[in-house]
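What follows is a short report on a single structure.
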Number of protein chains: 2
Amino acid sequence: MDTIKPIHMIIRDYLLSNIQSGEYQPGGRLPTENELTKKFQTSRSPVRQALDTLRIQGVIYRHPGRGTFVSPNPGGSDAWTLTSIRDIIEQGFQTHFQLHDFTSGRTSEELDRIFRVKKGKFTRIRGVRLLKDQPLYFLNVFLPQKIGRKLRVIDIADCPVIVALEKKLNIRLKKCIQNISATLADPPLARILKVPNQSPLLSIERFYFTDNEETIEWASSFCRPDLYKYRSVLSRG
Amino acid sequence: MDTIKPIHMIIRDYLLSNIQSGEYQPGGRLPTENELTKKFQTSRSPVRQALDTLRIQGVIYRHPGRGTFVSPNPGGSDAWTLTSIRDIIEQGFQTHFQLHDFTSGRTSEELDRIFRVKKGKFTRIRGVRLLKDQPLYFLNVFLPQKIGRKLRVIDIADCPVIVALEKKLNIRLKKCIQNISATLADPPLARILKVPNQSPLLSIERFYFTDNEETIEWASSFCRPDLYKYRSVLSRG
DNA sequence: GAGTGGTCTAGACCACTGA
DNA sequence: CAGTGGTCTAGACCACTCT
């Protein structure tokens with residue numbers, strides 16, 4: 001926490017926490033821009049910036065002449081809504097990670113290609129993420145070894161890997177690209193996830209980037225489709 | 001086209017088309033805010049609004065002090081990047097739809113729940129979307145019958161259903177919520193998609209909403225994971 | 001008519017990067 | 001140092017909605 005938070009983020013977080021707490025009900029009306037400028041003693045710009053962020057994430061919707069409203073069903077059902085890196089982090093804190101192994105010194109041409117290096121060495125972290133002792137997904141994370149060796153098992157025991165990178169090593173993740181596909185559970189995966197052999201699995205691959213578009217982490221996960229549904233919101237460009 | 005396009009959309013489309021045409025190369029630098037304000041004879045606000053939109057969609061990234069750059073690999077590989085409703089529409093135009101059937105008068109309690117009505121009647125459209133004669137996914141669309149009966153087969157022959165709704169019926173779609181999961185191909189689906197029985201399929205369910213958060217269309221699709229990969233971009237909230 | 005959000009103007013100060 | 005993007009101010013006009 002070396003920098004102060006801009007006003008638009010303060011307003012965004014204020015609204016978000018009031019929506020999550022139920023202060024503003026789904027379908028209910030939010031304060032108008034005018035009211036927010038008065039409440040936070042600011043101008044329209046930061047207020048609109050906060051509201052734009054929430055609208056893009058599908059949290060609210062707005063209608064000229066009528067007002068701003070909370071979108072129905074923000075996360076009510078069993079689906080995980082992931083619209084920003086914040087959501088991935090929050091998901092990590094709401095679930096529990098069971099570490100399988102944590103090894104260093106691995107090499108592969110595929111990893112060289114992903115991280116755009118030559119004959120690199122990498123650290124691999126594998127484990128299962130659980131919700132109430134139910135396995136949600138199997139996770140397979142690769143980091144450049146020069147970064148991975150600075151991490152200890154204790155660092156990733158109670159927080160997501162990306163949070164450990166940010167807090168311990170002060171690496172700021174700026175962007176994440178996801179590829180989503182479907183696959184079948186082979187016998188080891190089936191055993192780990194407690195599903196029948198040859199079950200369908202949701203396969204999510206994530207590339208994490210820093211400020212400079214450097215790839216800093218590659219994660220591949222295999223999710224139980226009955227327990228883990230992926231939800232996203234698209235709006236008008 | 002009854003309304004004029006705001007400046008920020010003009011700028012956004014200008015940049016987008018120059019990126020897609022290769023005028024601005026991946027990793028290359030875009031004009032600065034200052035240059036864009038001069039080029040379009042406008043102030044910073046609409047310029048920033050255009051750039052913010054593109055950044056959220058992962059098309060560009062920005063760095064204080066350095067400039068604005070085109071993100072690498074915007075859609076280069078075989079994955080479909082869907083970050084807005086525009087992308088879904090564009091995907092529809094880049095592929096071909098083979099209609100299977102188009103029926104009206106269907107009822108079901110599940111549909112009543114989805115469209116928040118009581119004992120409603122619905123129109124169902126089913127078919128396959130192809131790329132170069134290869135089946136990408138099987139599509140199953142439901143609309144309220146009062147809307148569906150205004151559509152003719154010809155209306156959806158050469159454009160996506162959502163475009164037909166907008167052009168023919170002047171219904172403006174504002175938001176789309178997607179649920180993504182994985183499932184297995186049953187024999188009929190396997191035959192249609194030309195994959196082995198019990199193959200894994202990516203299952204994408206989409207709810208389309210109007211201005212007023214009214215559900216106007218429900219679409220369920222089953223995608224071949226080898227030909228259809230779903231990609232999305234997450235950024236810092 | 002009063003209020004809403006959408007758009008836009010014309011300034012300002014800041015931290016940061018590169019030469 | 002001049003230039004970049006990030007943030008913010010204090011206005012303005014518009015189309016739309018509600019009553």
Side-chain angles (χ1 to χ4, degrees), chain A residues 1-13 15 24 28-56 59-71 170 172 174-175 210-214 235-237, chain B residues 1-15 24 27-56 59-71 170 172 174-175 210-214 235-237:
Chain A
M1 302 308 131
D2 44 355
T3 56
I4 58 164
K5 205 193 268 191
I7 300 182
H8 68 88
M9 290 189 190
I10 295 173
I11 300 174
R12 177 202 65 190
D13 291 345
L15 293 171
Y24 302 131
R29 204 162 161 214
L30 252 58
T32 66
E33 293 186 358
N34 197 359
E35 287 164 348
L36 288 170
T37 55
K38 281 174 187 153
K39 180 174 180 68
F40 288 93
Q41 287 290 307
T42 182
S43 63
R44 265 185 90 189
S45 296
V47 167
R48 280 188 66 78
Q49 205 172 340
L51 292 166
D52 282 345
T53 305
L54 295 175
R55 175 169 48 184
I56 286 161
V59 178
I60 62 172
Y61 65 99
R62 320 191 68 190
H63 208 120
R66 280 207 252 150
T68 304
F69 305 87
V70 182
S71 297
N170 208 24
R172 182 113 181 117
K174 202 70 171 283
K175 198 173 81 170
T210 62
D211 279 354
N212 310 317
E213 294 277 307
E214 239 186 312
S235 57
R236 280 276 160 188
Chain B
M1 304 306 133
D2 43 354
T3 54
I4 59 163
K5 206 194 266 192
I7 301 181
H8 68 88
M9 289 189 190
I10 295 173
I11 300 173
R12 176 201 65 190
D13 291 345
Y14 164 81
L15 293 171
Y24 302 131
R29 201 162 163 213
L30 252 60
T32 65
E33 293 185 358
N34 198 357
E35 287 163 348
L36 288 170
T37 56
K38 280 173 188 154
K39 179 175 180 68
F40 289 94
Q41 288 290 310
T42 182
S43 62
R44 266 186 90 189
S45 296
V47 168
R48 280 190 65 79
Q49 205 171 340
L51 292 167
D52 281 345
T53 305
L54 294 175
R55 176 171 46 184
I56 287 161
V59 178
I60 62 172
Y61 65 99
R62 320 190 69 191
H63 209 122
R66 279 207 252 148
T68 305
F69 305 87
V70 182
S71 296
N170 209 23
R172 182 114 181 115
K174 202 69 171 281
K175 198 174 82 169
T210 62
D211 280 354
N212 310 317
E213 293 277 306
E214 239 185 312
S235 56
R236 279 276 160 191

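Checking dG6(D), dG5(C), dT9(C) against the side-chain heavy atoms of R62(B) singles out dG6(D) as nearest. Looking at the side chain of P6(A), the nearest of the listed nucleotides dT7(D), dG5(D), dC8(C) is dT7(D). Nearest to the side chain of H8(A), among dG6(C), dT7(C), dC8(D), sits dC8(D).
For the pair T42(A) and dT9(D), the criterion of a side-chain N or O lying under 4.0 Å from OP1 or OP2 is met. The side chain of R66(A) contributes an N or O atom lying less than 4.0 Å from OP1 or OP2 of dC18(D). The side chain of S43(A) contributes no N or O atom lying less than 4.0 Å from OP1 or OP2 of dC8(D). Taking 4.0 angstrom as the limit, R48(A) places none of its side-chain polar atoms (N or O) nearer than this to OP1 or OP2 of dT7(D).
Rounded to whole Å, atom P of dG5(C) lies 12 Å from atom NE2 of H63(A). Atom P of nucleotide dG11(D) and atom CG of N34(A) are separated by 13 Å, given to the nearest angstrom. One atom, CD of E33(A), and another, C1' of dT4(C), lie 8 Å apart when rounded to the nearest Å. For D52(B) and dC8(D), the CG to P distance is 13 Å, given to the nearest whole Å. Taking atom CD on Q41(B) and atom C1' on dT9(C), their separation rounds to 13 Å, with Å as the unit. Between L36(B) atom CG and dT4(D) atom C1' the separation is 13 Å, expressed in whole Å. Between the C1' atom of dT9(D) and the CZ atom of F40(A) lies a distance of 18 Å, rounded to the nearest Å. For the pair I7(A) CD1 and dA10(D) P, the computed distance is 11 Å after rounding to whole Å.
Taking CD of E33(A) as the reference point, atom CZ of R62(A) lies at 4.5 Å (rounded to 0.5 Å). Taking CD1 of I7(A) as the reference point, atom CZ of F40(A) lies at 9.5 Å (rounded to 0.5 Å). Summarising the geometry, atom NE2 belonging to H8(B) is positioned 7.0 Å from atom OG1 belonging to T53(B); distances are rounded to the nearest 0.5 Å. The structure places CD1 of I60(B) at 7.0 Å from CZ of R55(B), a figure rounded to the nearest 0.5 Å. To the nearest 0.5 Å, atoms CG (L51(B)) and CG (L36(B)) are separated by 6.0 Å.
In terms of position on DNA chain D, the residue among T68(B) and P64(A) whose nearest nucleotide sits closer to the 5' end is T68(B). Comparing R44(B) and Q49(B) by the nucleotide of DNA chain C whose heavy atom lies nearest to each, the residue mapping closer to the 5' end is Q49(B).
Counting any heavy atom pair closer than 4.0 Å across all strands shown, S45(A) reaches a base atom. When heavy atoms are screened at a 4.0 angstrom cut-off, L51(B) is found touching no nucleic acid atom at all.
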